[in-house]
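What follows is a single structure, written as structure tokens, with notes after it.
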2 protein chains.
Amino acid sequence: MIRTMARSSGAELALLLLGGFHSMADEVHAELAHRGHEGVRPGHEFALRTIDAGADTASELGRRLSVSKQAAAKTIAALQQLGYVVRETDPDDARRKRVQVTPRGHEMMAIGGALFDEVRNRWAAQIGVRQLDALEGHLARLVERRPVSADDLARFDDGLREENRVAALDQNSQ
Amino acid sequence: MIRTMARSSGAELALLLLGGFHSMADEVHAELAHRGHEGVRPGHEFALRTIDAGADTASELGRRLSVSKQAAAKTIAALQQLGYVVRETDPDDARRKRVQVTPRGHEMMAIGGALFDEVRNRWAAQIGVRQLDALEGHLARLVERRPVSADDLARFDDGLREENRVAALDQNSQ
DNA sequence: ATAACTAGACAACCACGTTGTCTATCTCGT
DNA sequence: ACGAGATAGACAACGTGGTTGTCTAGTTAT
């Protein structure tokens, strides 16, 4: 009978990473609500950033965020509801609906970004700028070259990469 | 009109942290499924670890994970369904149902832990043990003393602390 | 012209969390 | 001894953010 083995430094590291993210996101979004952007949920902001960076259709947003186009469409609908984006049919391709960030959307991004930067600066002050730079550099390297898992190989893997995970394999129509 | 400002190093840091977590969790759970633990979802493993560490009732698990006791109860039900825990009424307190980790549960924890450790070791090999130690140390400090947000103060904040976030304020009965 | 691909909409579903309400049980102060 | 209050858990309704599957319409390539 296998005995306890409750602790795993690997698992603890994973929790630290998740905790770090939550720690930042919670604070930012609380403060964001405080400053006139109530309905915003973590994810909205990142999606908005991605749209602004050029992912101006639901399908493209889905690809960049590694979620299904349907999920991306729902996010866009939410952003539209909140007044952060508008959509209009692409004159050059009647299938597409081009998404555009509104001024209010840009404002939210600016405030959110500033808040995130604020947290980051506080962290830099706590552990030192060089340490934080190193931490980011390491994380970037670690996240970037995630080895393709055995299961991924079982399917047709195109080499698409985005944010942080291997591209969703778009089977059939979707 | 506010102009773009698409990049925010703070937001990027947040994404790196989240990406790091996903990178680990995805890999571990793919491999876990591969080794005879199919239904396991990230979260299940952490919950199981917490139970094994002494959170043997739904309410207590909820407190330690900073989720509602109802959410914790659902998780326990899932773990039970998967055969990782059993529940029996506490003879000393008929309200409580004590949760116990089964041998299969311990096996899953052991394998999962080993897999997480494996990823961590690979990271250590990539960036160096001392760098990884430093990274963890910093994260721990950063996560630990998350300043209480303005909104938290608006409510009665008891000083409870768990995993990584301020305790859920248990209003009314829940 | 037609076949193949692509964008988006819609529906059904699932995982995981939330609140609110209810009952059963325990604990403690008078 | 007992009644008030706290606590554990069950149940229901709901929200969010994903998933698949299916469908239509428009575009592209042969």
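The chains referred to below are lettered A, B, ... by the order of the sequence lines, with proteins before strands, and numbering in each begins at 1. Side-chain atoms are counted along with the backbone in the values below, which use heavy atoms only and exclude waters and symmetry mates.
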B/Ala71 near the nucleic acid: base, sugar-phosphate alone, or nothing, with a heavy-atom cut-off under 4.0 Å?
base

Measure distances between side-chain N and O atoms of A/Gln70 and base N and O atoms of D/dG17, and say whether any donor-acceptor pair falls under 3.5 Å.
no

With salt bridge (Lys or Arg N to Asp or Glu O under 4.0 Å) as the rule and sequence neighbours excluded, what pairs involving residues 123-135 of chain B come up?
B/Arg120-B/Asp133

For A/Leu61 and C/dT6, what is the distance between atoms CG and P respectively, to the nearest whole Å?
18 Å

Extract all donor-acceptor atom pairs below 3.5 Å that involve side chains of residues 74-83 of chain B and protein atoms in other chains or at least two apart in sequence.
{"from": "B/Thr75", "atom 1": "OG1", "to": "B/Ala71", "atom 2": "O", "distance (Å)": "3.2"}

Between B/Ser59 and D/dT7, does any side-chain N or O lie under 4.0 Å from OP1 or OP2?
no

Nearest-nucleotide 5' precedence on DNA chain D, A/Asp92 against A/Pro42:
A/Pro42

Take the C1' atoms of the five end pairs on each side of the helix from C/dA1-D/dT30 to C/dT30-D/dA1, derive the two axes, and give their angle rounded to 10 degrees.
10°

Tabulate below the donor-acceptor pairs under 3.5 Å that side-chain atoms of residues 11-20 of chain B make, not counting sequence neighbours, or state none.
{"from": "B/Glu12", "atom 1": "OE2", "to": "B/Arg7", "atom 2": "NE", "distance (Å)": "3.3"}
{"from": "B/Glu12", "atom 1": "OE2", "to": "B/Arg7", "atom 2": "NH2", "distance (Å)": "3.1"}

Tell me: CG of A/Asp90 to P of C/dA7, nearest whole Å?
11 Å

Using whole Å, what does the distance between atom C1' of nucleotide C/dG8 and atom CD of A/Glu88 come to?
16 Å

Phosphate-side-chain proximity, A/Arg41 and D/dG17, N/O vs OP1/OP2 below 4.0 Å:
yes

For the residue pair B/His106 and B/Tyr84, is the inter-centroid distance of their aromatic rings smaller than 6.0 Å?
no

Ignoring hydrogens and angles, answer whether the base of C/dT6 and the side-chain atoms of A/Arg95 contain a donor-acceptor pair closer than 3.5 Å.
yes

For the base of C/dG8, is there a side-chain donor-acceptor partner from A/Lys97 under 3.5 Å away?
no

Would you kindly give the CG-to-C1' distance between A/Asp93 and C/dT6, to the nearest whole Å?
8 Å

OP1, OP2 of D/dA10 versus side-chain N and O of B/Arg87: anything below 4.0 Å?
yes

Write down the distance between NE2 (A/His29) and C1' (D/dG17), rounded to a whole number of angstrom.
14 Å

Which parts of residues 72-80 of chain A get close to DNA chain C, meaning a heavy atom less than 4.0 angstrom away?
A/Lys74

Donor-acceptor list for residues 92-101 of chain A side chains, cut-off 3.5 Å, not counting sequence neighbours:
{"from": "A/Asp93", "atom 1": "OD1", "to": "A/Arg95", "atom 2": "N", "distance (Å)": "3.1"}
{"from": "A/Asp93", "atom 1": "OD1", "to": "A/Arg95", "atom 2": "NE", "distance (Å)": "3.1"}
{"from": "A/Asp93", "atom 1": "OD2", "to": "A/Arg95", "atom 2": "NH2", "distance (Å)": "2.8"}
{"from": "A/Asp93", "atom 1": "OD2", "to": "A/Arg96", "atom 2": "NH1", "distance (Å)": "2.3"}
{"from": "A/Arg98", "atom 1": "NE", "to": "A/Asp56", "atom 2": "OD2", "distance (Å)": "2.5"}
{"from": "A/Arg98", "atom 1": "NH1", "to": "A/Asp90", "atom 2": "OD2", "distance (Å)": "2.2"}

Short question: side chain of A/His34, backbone of A/Ala30 - any donor-acceptor pair under 3.5 Å?
no

Can you check the B/Asp26 CG to D/dT19 P distance for me, whole Å?
12 Å

B/Ala124: which residues meet the side chain to side chain contact (heavy atoms under 4.5 Å, CB included) condition with it, sequence neighbours left out?
B/Val129, B/Leu132

Partner set under salt bridge (Lys or Arg N to Asp or Glu O under 4.0 Å) for B/Arg35, not counting sequence neighbours:
B/Glu31

Please determine whether a side-chain nitrogen or oxygen atom of B/Arg63 lies at a distance below 4.0 Å from atom OP1 or OP2 of D/dA8.
yes

For B/His29, the ring pair (Phe, Tyr, Trp, His ring centres under 6.0 Å) test, sequence neighbours excluded, returns none

Taking only side-chain N and O atoms of B/Ser68, does any of them lie within less than 4.0 angstrom of OP1 or OP2 on C/dT18?
yes

In whole angstroms, how far is the P atom of D/dG17 from the CD atom of A/Glu45?
14 Å

note: A/Lys69, atom NZ; D/dT24, atom P; distance rounded to Å ~ 14 Å

We want to know whether A/His37 and A/Glu107 form a side-chain donor-acceptor pair, criterion being a heavy-atom distance below 3.5 angstrom.
yes

